Number of protein chains: 2
Amino acid sequence: MAMQNKPFHAREYATLTTHVEREIERRVLTGEIAAGARIGEALIAEELGVSRGPVREALRSLAQSGLVEILPNKGAIARTIGLDEVKNLYALRGALFALACQEVARRHDNETVTLLRDNMSAMRAALACDDKEAYYRLNVDFHTAIINHSHNQRAIDVYHSVVKEMHLFRRRGLSNVPNIAESVKEHETILAGIVGGDPDAAREAGRIHIERGCNRFLGTLTEEPSGLSKTDPQKTNLAGH
Amino acid sequence: MAMQNKPFHAREYATLTTHVEREIERRVLTGEIAAGARIGEALIAEELGVSRGPVREALRSLAQSGLVEILPNKGAIARTIGLDEVKNLYALRGALFALACQEVARRHDNETVTLLRDNMSAMRAALACDDKEAYYRLNVDFHTAIINHSHNQRAIDVYHSVVKEMHLFRRRGLSNVPNIAESVKEHETILAGIVGGDPDAAREAGRIHIERGCNRFLGTLTEEPSGLSKTDPQKTNLAGH
DNA sequence: AGTTTGTTGATTGTTGACAATCTGCATTTC
DNA sequence: GAAATGCAGATTGTCAACAATCAACAAACT
């Protein structure tokens, strides 16, 4: 049942750079490194007790992932995300997820269908018990299962990278699961398309699911007191929350 | 009219790593470095007259782009592409392009519409003159214009990265433009959706265009003597062509 | 003979030092 | 007083040397 996040290479190589990368990633995602804060190579290197080389490589890799931004001769800073970028990430994720739904429906793999059906049952149970935490986990698993079974490694990589970046503004916690019933219904539509072997239907259902998920998320924002303007990049900075 | 390929950062910083990266990229794409060949850090470094550091960084970056593959403690090798991966790249590119079409149609930007209309006229002219080279260039420009005006930087980056990787098997030259008339028609459908401000129509048209483009490309393969089996990774290796 | 083990050569992974570049502040000049 | 200039400090970019790891080959053992 455990869903591995990194199905990249069977050989899980553990080089220093990898460890450093995970550590910096953790610090950025947990907010330990504040959004927009500079990340000095020397400082990180000293704190982790390694040389600047691996830190450098890790930062370059994280820049590709979108978690940090690298300014020439100025170093790396933790990314801040504006409202427009949130929408862009949702749009990109939606396109990738829709593609995955289509492919899974086309392949019509028995193992995957079983996996998704089990997930569906568990999710309905969590919905009945009002167990939000379990639901949140199952929800992520559902999407992850579909993407990981798309057999399109490149799309898988990009998807996970985007999701990781989205953690930057999803950090507001588990309360961020509005309209569970609606979401479950959409999952059912997706699953129906997959089970029925209808790639077009599955793709559309997947696309709409993420689109609505974006709208649901944006809805939770407007409820807040701080008025988010779409134009002012300062005010649309969500990283602080 | 010039369409910049890298609208990433206004500041086009020229660090050594960037130059090395471009050079290795060129060698891989031109076949100067054969597909599957090992790329030793020391060798490249010596040939370019730089240290191993920049070469290392460049290889890591190219690995993210998909042009080379890095095996732990074994070094980098030029990627080889199999038939399944070709399909995957087309699928991914299609999803991104469809998204871009949708966004451009939604924004309905005057400048972009004019740009695309001009491109369309030129393309029809090239079609009339049977100028395949001009058509090929305009065709690329059409797609590039749409993607670059999607205002989704992350999607733009991934798209260009995918296209670059596709060069690995598109190297067979300009003759690779089958059914020009059909392609132009699809462009017209896309443009109609954009001009009409119909995101759904534009998205579908874009998706179908790439899907059919994939089929057209695959069609040019089956005409060849060498029977390409879908299962045997050795025989489906296209990198040699 | 086949398998295992040790050795060798080469390549990558990592390090610390040096050079180039940028930011901020003080100084100078108009 | 404001803008331009130059200097100091710190940080990144680059380099060459060292350590760790791996593939291949040869020798020894069952």
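The basis for the numbers below is simple: all heavy atoms, side chains too, and nothing from hydrogens, waters or symmetry mates. In what follows, chains carry the letters A, B, and so on, assigned in the order in which the sequence lines appear, proteins first and then strands, with residues in each chain numbered from 1. These numbers were taken from a predicted model, which means no experiment stands behind them.
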One character per nucleotide, please: for nucleotides 14-19 of chain D, 5' to 3', B when the base has a protein heavy atom closer than 4.0 Å, S when only the sugar-phosphate does, - otherwise. BBBB--
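- Closest to the side chain of A/R60, from the set D/dG13, D/dT12, D/dC22, is D/dG13.
- Side-chain N or O atoms of A/T30 include one that pairs as donor or acceptor with a backbone N or O of A/R26 at under 3.5 Å.
- The side chain of A/K74 has C/dC22 as its nearest neighbour among C/dT12, D/dT12, C/dC22.
- Taking atom CD1 on B/I39 and atom C1' on C/dT11, their separation rounds to 14 Å, with Å as the unit.
- Going from atom CD of A/E21 over to atom P of C/dT14 covers 13 Å, rounded to whole Å.
- Relative orientation of the A/F217 and A/F169 rings is tilted, given thresholds of 30° and 60° on the angle between their planes.
- In the helix from C/dA1-D/dT30 to C/dC30-D/dG1, the terminal helix axes, each the rotation mapping four pairs' C1' atoms onto the next four within five end pairs, subtend 10°, rounded to 10°.
- Results of the salt bridge (charged side-chain N to carboxylate O under 4.0 Å, His left out) test with A/R52 over A/E46, A/E47, A/E41 single out A/E41 as the only residue that passes.
- At D/dT12, one or more side-chain N or O atoms of A/R38 fall inside 4.0 Å of OP1 or OP2 (strictly under the cut-off).
- Here the CD1 atom belonging to B/I81 is positioned 4.5 Å from the CG atom belonging to B/L168, to the nearest 0.5 angstrom.
- For the pair B/N152 (side chain) and B/A100 (backbone), a donor-acceptor distance under 3.5 Å is absent.
- Following rounding to the nearest Å, B/L71 (CG) and C/dA10 (P) show an atom-to-atom distance of 21 Å.
- The distance from atom CG of A/N73 to atom P of C/dC22 is 5 Å, rounded to the nearest whole Å.
- Between A/E57 and A/R60, none of the side-chain N atoms (NZ, or NE/NH1/NH2) sits under 4.0 Å from a carboxylate O, so this pair counts as no salt bridge.
- One distance of note links CG of B/L62 with CD1 of B/I70; it measures 8.5 Å at 0.5 Å rounding.
- Residue B/L43 contributes atom CG, which lies 14 Å from atom P of C/dA10 at whole-angstrom precision.
- B/R27 has a carboxylate O that lies under 4.0 Å from a charged side-chain N of B/E23, or vice versa, which qualifies the two as a salt bridge.
- Checked by atom type, the side-chain pair A/R93/A/H143 shows a donor-acceptor distance below 3.5 Å.
- At whole-Å resolution of the value, CD in A/E41 and P in C/dA20 are 18 Å apart.
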